[in-house]
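Sequence lines set the chain letters: A, B, ... in the order given, protein chains first and strands last, and positions in each chain run from 1. These values consider heavy atoms only, across backbone and side chains, with no hydrogens, waters or symmetry-generated copies.
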Amino acid sequence: MSEAQTTTHETIDEDRRDFIHIATAATAAAGAGALAYVFIDQMNAASDTKAASSLEVDISKVPLGGEIRVLIGGQPFFIRHRTEAEIRSAESVDVGSLRDPQTDDERLVPMQDGSLNRAILVTSGSCTHLGCVPVGPAQGNTGDYGGWYCPCHGSHYDTSGRIRKGPAPSNLPVPDYRYVSPTVINISL
Amino acid sequence: MSGHPSTYEPKTGFTKWLDSRLPIVRLAYDSFVDFPTPKNLNYWYTFGGILAVCLMTQILTGVVLAMHYTPTVDGAFASVERIMRDVPFGWLIRYIHANGASMFFLAVYIHMFRGLYYGSYKAPREILWILGCVIFFLMMGTAFLGYVLPWGQMSYHGANVITGLIGALPVVGDSIKAWLMGGPSIGNQTIQRFFSLHYLLPFMIAGVVILHIWALHVPGNNNPTGVEARKDPEGLKKDTVPFHPYYTVKDAFAIVVFLLIFAAFVFYMPNVLGHADNYIEANPLVTPAHIVPEWYLLPFYAILRAITFDIGPIDAKLLGVIAMFGSIAILFVLPWLDTSKVKSMRYRPVARQFFFGFVVAGLLLGWCGASNPDDPIIPMGSDKLVVSYTDANGNEATQTYDEYEPAATFRDQKVEEGVDASIAVQKAPAFRFVHLAQILTLYYFAYFLVILPLLGLREKPKDEPTSIHKAVLGSHDRAAPAPAE
Ligand code: HEM
Ligand code: FES
């Protein structure tokens, strides 16, 4: 092919070539985008993992002054049966002086009849600092404020699960839970 | 060197036939036999070869471990114990793999400090240096993923802390974290993907290693003088020797010594670098008292924990994460931070002092990372006991004691009077690990961001030798001989 021929060929049908180039690139981009979505989304929680995200707990089994620990979807939760003294100390705190101000009542969920079961406190079991599981009454160390102590970097929580001392920024969160009956609660993530 | 013409000549009929179809023997010959290499390379330059051996060791032992390993929450720990007890020589292969990771990092740190000292990151080797940083980053990722696999207490809770860091990112943190873990927490789905990625990454490392060597073979090796080998055939011949046999033998010797040390760990102290907690199966409900990563990640862990203060709207936790990743990211731009034209620290008397300071800072950061940040290094006074109680007017009051006995008596007395009283420990002021880590973190960043950029402009370097050849023979036209290293 001579030089002249090639150049004329190049100019002939230029629009159609452009159209094919753009159409090819656009289709490929859409395909790549769709594939990327599939390959990224497959790493998200699978349906069965999501389904295993709530649990019913019989709170009548929790010993007075003690707690039980449950795992929901691999995450730890504390269900604590507080003594009268522990409830009193949780209620007598000056809320304004707290790092993450919350009254004890705000950290409880009413039973079906609308009243509060102050004896039972339900909180997340992972320290709000870096996610260690604090120790509590069963491990013989409840920290300076009678609730929980996180041995990782020394966070102290009170008997309402509120942060009182140490590096953790906020209170142990209260999970989403409700009373199914006076003795059974349903906790979900 | 890419400018160097190929000297390979196929001799047999087969090699001639092959050479005109796939010149692979030629590539190997030009890269590792007749490759012109500066004749003054010292033993610090043998760590590249050592690293190649490390990577091959990890891949070989890893593939074998994968034949016996079960990546599930119920099976992982037991399968590793089975490798240790029942699989023929399983204990040996696992100990080689576990200690191999440590040896790999030991070698890579020496290799990197070598590069920092001799200015190997400077033009024309910026890409070479960056590829090295990519390898280092991938290695850290691989080692982190691998450490999760045996599913011990440290595996689980260490991974929890690290994924928790990602959760510290604003807005997107929590969803990225859930995406990485494949659910609300580290579970079966996490261990499966970590295993898959732990298998994958070493091969990506191998790919980057090929690019790394390619980028090395364009300008050729740097050397302890930092003076480039001359390009003209006469000068090149005087400044360099062929890679084989000179450096194949030197590297082989170093590799054997390295493997002897490696073997000493594997056979006589296979667990000193590990953590006893990792021989307890992972239990999400019980956190070990002291979570520490593997030794080779400690300096970065110390930087993470050194940031205990907020700056403006950015809280301490996020700042710590930024500082930790920043400390690695900064290595990538180092070629443009160091303003000095002189490569080797041999001829930079001031920068040299700061470099040794940097090495010490790195080691001390490791010490901080291994220690509890609140433990005192230099105590100033002793701890006190404070009894808090409500006084007669209903106000909060405190009384301080040195000894437990009187404090307890006082508290009991108050309790008998019917008021609330409790004892707490008031820690004495002290210079703590967290303070040391803060100073060292500051130095780490200052070295790259302040010292190297400014020093290059202000420092008066010593005279460099005019060529590698002159440096080796000791030249008469230079006032001071090169300092011995
Ligand atoms: C860059 C190279 C590699 C590094 C730095 C590395 C690092 C590690 C580390 C630190 C562990 C934990 C060891 C322990 O304490 O038990 C581990 C475990 C493991 N690695 Fe690797 N690894 C590498 C390559 C590979 C490859 C290529 C495979 C192949 C599949 C592999 C398979 C495994 C398996 C199955 C385990 C679990 C068994 C065990 O814990 O001993 N690794 N790796
Ligand atoms: S994780 Fe609890 S104090 Fe750091």
Side-chain angles (χ1 to χ4, degrees), chain A residues 40-54 67-78 85 88-89 92 94 97 124-136 138-139 141 143-146 149-154 156 164-170 175 188-189, chain B residues 73 156-165 167-168 175-190 192-193 196-197 282-292 304-305 308 310 315-318 320-321 372-375 386 388 390 396 420 422-427 434:
Chain A
I40 292 171
D41 195 44
Q42 56 80 22
M43 286 195 37
N44 279 320
S47 305
D48 63 332
T49 312
K50 284 191 202 143
S53 62
S54 77
E67 68 178 4
I68 59 169
R69 299 174 161 212
V70 295
L71 282 178
I72 304 173
Q75 283 182 334
F77 292 91
F78 299 154
R88 237 186 305 116
S89 100
S92 63
D94 171 16
S97 69
S124 152
S126 68
C127 179
T128 56
H129 181 227
L130 288 174
C132 289
V133 182
V135 295
Q139 291 77 26
N141 186 350
D144 289 356
Y145 296 88
Y149 172 68
C150 183
C152 289
H153 316 94
H156 298 256
R164 299 296 288 275
K165 200 166 123 187
S170 52
S188 52
L189 289 179
Chain B
V73 281
Y156 181 88
H157 292 280
N160 226 348
V161 171
I162 302 293
T163 48
L165 298 179
S175 29
I176 295 185
K177 182 176 158 192
W179 178 75
L180 282 174
M181 301 190 305
S185 63
I186 295 175
N188 203 56
Q189 71 290 352
T190 324
Q192 292 198 358
R193 64 188 58 194
S196 171
L197 293 173
N283 179 353
L285 282 175
V286 177
T287 312
H290 195 43
I291 301 181
V292 277
L304 167 80
R305 293 191 303 184
T308 50
D310 306 345
D315 68 13
K317 192 165 148 185
L318 179 57
V321 177
N372 183 347
D374 291 328
D375 281 351
V386 180
S388 325
T390 323
E396 295 275 328
D420 273 342
S422 67
I423 302 189
V425 179
Q426 186 182 44
K427 292 247 189 282
V434 61

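- Take K50(A) and apply the salt bridge (Lys or Arg N to Asp or Glu O under 4.0 Å) test, not counting sequence neighbours, and it matches no residue.
- Taking CE from M43(A) and CD1 from I176(B), the interatomic distance works out to 11.0 Å, rounded to the nearest 0.5 Å.
- Considering every non-hydrogen atom in both Q42(A) and R193(B), the closest pair reads O-NH2, 4.4 Å.
- With a threshold of 4.5 angstrom between heavy atoms, I40(A) approaches chain B through its backbone and through its side chain.
- Proximity to chain A (any heavy atom under 4.5 Å) is restricted, for L165(B), to the side chain, taken from C-beta onward.
- With chain A as partner, the option from P288(B), G182(B), P373(B) having the largest number of non-hydrogen pairs under 4.5 angstrom is G182(B).
- For Q189(B) (side chain) and A46(A) (main-chain N/O), no donor-acceptor pair under 3.5 Å exists by modelled atom type.
- Closest of all the heavy-atom pairs between P284(B) and P76(A) is O-CG, 4.4 Å.
- Looking only at heavy-atom pairs under 4.5 Å with chain A, the residue among G164(B), G183(B), P184(B) that has the most is P184(B).
- Looking at P169(A) and D315(B), their side chains never come closer than 4.5 Å, going by heavy atoms from C-beta outward.
- Your options are A45(A), G131(A), S92(A), and the one with the most heavy-atom pairs under 4.5 Å with chain B is A45(A).
- Heavy-atom distances place both the backbone and the side chain of L285(B) under 4.5 Å from chain A.
- The two residues H129(A) and K317(B) come nearest to each other via the heavy atoms O-NZ, 3.1 Å.
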